[in-house]
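A short worksheet on the structure shown next.
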There are 2 protein chains.
Amino acid sequence: MKQLSSNRCFGGLQNQYEHASGVLNCTMQVSVYLPPAALQGNVVPVVYWLSGLTCTDQNFTTKAGAQRVAAELGVALVMPDTSPRGVGVADAPDAAYDLGLGAGFYVDATQGPWNSHYRMYSYTVDELPALVESALNLGPRRAICGHSMGGHGALTIALRNPSRYVSVSAFSPIVAPSQCPWGEKALTAYLGNDRSAWTVHDTVALIEAGAAQLPMLVDQGTADNFLEGQLKTPLLERVCKRKGYAATIRYQDGYDHSYYFISTFIEEHLRFHAQHLNAL
Amino acid sequence: MKQLSSNRCFGGLQNQYEHASGVLNCTMQVSVYLPPAALQGNVVPVVYWLSGLTCTDQNFTTKAGAQRVAAELGVALVMPDTSPRGVGVADAPDAAYDLGLGAGFYVDATQGPWNSHYRMYSYTVDELPALVESALNLGPRRAICGHSMGGHGALTIALRNPSRYVSVSAFSPIVAPSQCPWGEKALTAYLGNDRSAWTVHDTVALIEAGAAQLPMLVDQGTADNFLEGQLKTPLLERVCKRKGYAATIRYQDGYDHSYYFISTFIEEHLRFHAQHLNAL
């Protein structure tokens, strides 16, 4: 990993790195916050943050105010990009914000032209943690968290890999991409028309199919313009109730889809994760 | 004031407004954070934030994490833009970042082509507070704070108007614009070659001339690339010592000029101001 920048922040370091990704077949950037405890030589646990549509590694890094809490709790934050990038990486023909660049949806594409780069699932689950945890001496305890498309990513990745994450949380997640326009568009493009290939990337479908329990916290703003048409939190509530899945799903009155919402509740999410990260 | 956006944040509202400015002769945008106490009908005190070169009303608003503390303390935050904007507003011929748009330097320009719009001093001291405090039922207690060029703005404005502000603080301020390239370029353009017109916009010169005491806190990162050539904090230390001016001037080890620095210490600045805002 090549370090691109490093800024002192709450006694730790907010760093940005560049690295070659074999899985994505391109060069990627990733931001990492190292808390003071890590700088003192301790091996600290990690919270992965997955961002939403249009984001890079910088949105959460600059806007969420998470470093203050991470510094106190002694956890590292790893913030990857949301899609492969660079020359030769396909984008939507109309440069739509909800497909292609900035919209990897945390799946491994099987369809052209996406399948030569768009493998954000394997990148996020395997390649990136192996690289960053080794290079920066982090882990092995790991939690995952995200927003919107990244909330979908965090939930599906954790549900499919419960032994790799001690806990999962999400802000405004797309809980059922098989049942909303954003998800149907992306999964059709990346995975094809056969919807049976979609279910492992659909939180509601995974819980319906009996996914293992792990500590789960979801926050959803009631003033979020995407709640009804895209995010569909009630579908998650219903499947959790039906299957006895013990998730904490909260509606936050008057909050929208923005980073102002995330910044307000990120402290509670990080404390939730720290409780499980430190309990091991 | 026309409201452009409103986001729930830490129980309060992060709003952005547009308004006609007679002083600046253009339309301006300003961001305001209203803490929960204000939404409950209380008249709350205000902290004004003045940003640095290249910034708009959005940089501090999205990156500093100040709303959390303002919510707790019950103070409003007012974040103006850093220059006039719009069609017909002059910019540097080469669109330089340190003159013209985004670089108003909180002075009232007397030289063409700047003098038809660039009156950020009067806008910040008079027009904006009158407008925003009346429209949003804020004040009358008021503190002021800023970063870099905005740190210069906060310090000079407070020193010239000690009865209007209970306290002043700054991150990485340009303490002596008469003695650094950024300041010399801007003050020459806006105020002309006669340096006697500059002294009322120079913190070190104002304190040298016997400015009245008011509570003052300054934070400066030791890893700030602009410290030696532009900011020159030691000049402020020296004049304060010589004149018996009781400012708290702190060097923060390893911090740079970025918002990661500001986000780390903004809580201490807001608590400093709240102490004086609530003591009246």
Problem set entry | Choice from A/Leu13, A/Ile262, A/Asp253, A/Thr61 maximising heavy atom contacts with chain B below 4.5 Å | A/Thr61
Seminar exercise, completed: Under 4.5 Å to a heavy atom of chain B? For A/Ser258 that would be side chain
Exercise. Between B/Gly254, B/Gly11, B/Gly65, which has the largest tally of heavy atom pairs under 4.5 Å with chain A?
Worked result: B/Gly254
Exercise. Where does B/Tyr259 contact chain A at under 4.5 Å (heavy atoms): side chain, backbone, both or neither?
Worked result: neither
For this session: Examine whether an atom of A/Ser6 lies under 4.5 Å from a heavy atom of chain B, and if so say whether it belongs to the side chain, the backbone or both; otherwise answer neither.
Result: backbone
Exercise. Taking non-hydrogen atoms and a cut-off under 4.5 angstrom, which of residues 220-238 of chain B neighbour chain A?
Worked result: none
Exercise. What pairs of residues pass the salt bridge (Lys or Arg N to Asp or Glu O under 4.0 Å) test when at least one of them lies in residues 59-71 of chain B, not counting sequence neighbours?
Worked result: B/Arg68-B/Glu267
For this session: Can you tell which part of B/Gln67 gets under 4.5 Å to a heavy atom of chain A, answering side chain, backbone, both or neither?
Result: side chain
Problem set entry | Reported OH-to-SG distance for the pair B/Tyr255 and A/Cys9, which is rounded to 0.5 angstrom | 7.0 Å
For this session: Under 4.5 Å, heavy atom to heavy atom: which of residues 72-85 of chain B reach chain A? Give them by number, or say none.
Result: none
Seminar exercise, completed: Bottom line for B/Asp256: the part with an atom under 4.5 Å from chain A's heavy atoms is side chain
Seminar exercise, completed: Applying salt bridge (Lys or Arg N to Asp or Glu O under 4.0 Å) to B/Glu268 and not counting sequence neighbours gives B/Arg250
Seminar exercise, completed: Smallest heavy-atom separation, A/Tyr260 atom then B/Arg8 atom, equals CB-O, 3.7 Å
Problem set entry | Shortest non-hydrogen contact from A/Phe10 toward B/Thr264 | N-OG1, 2.9 Å
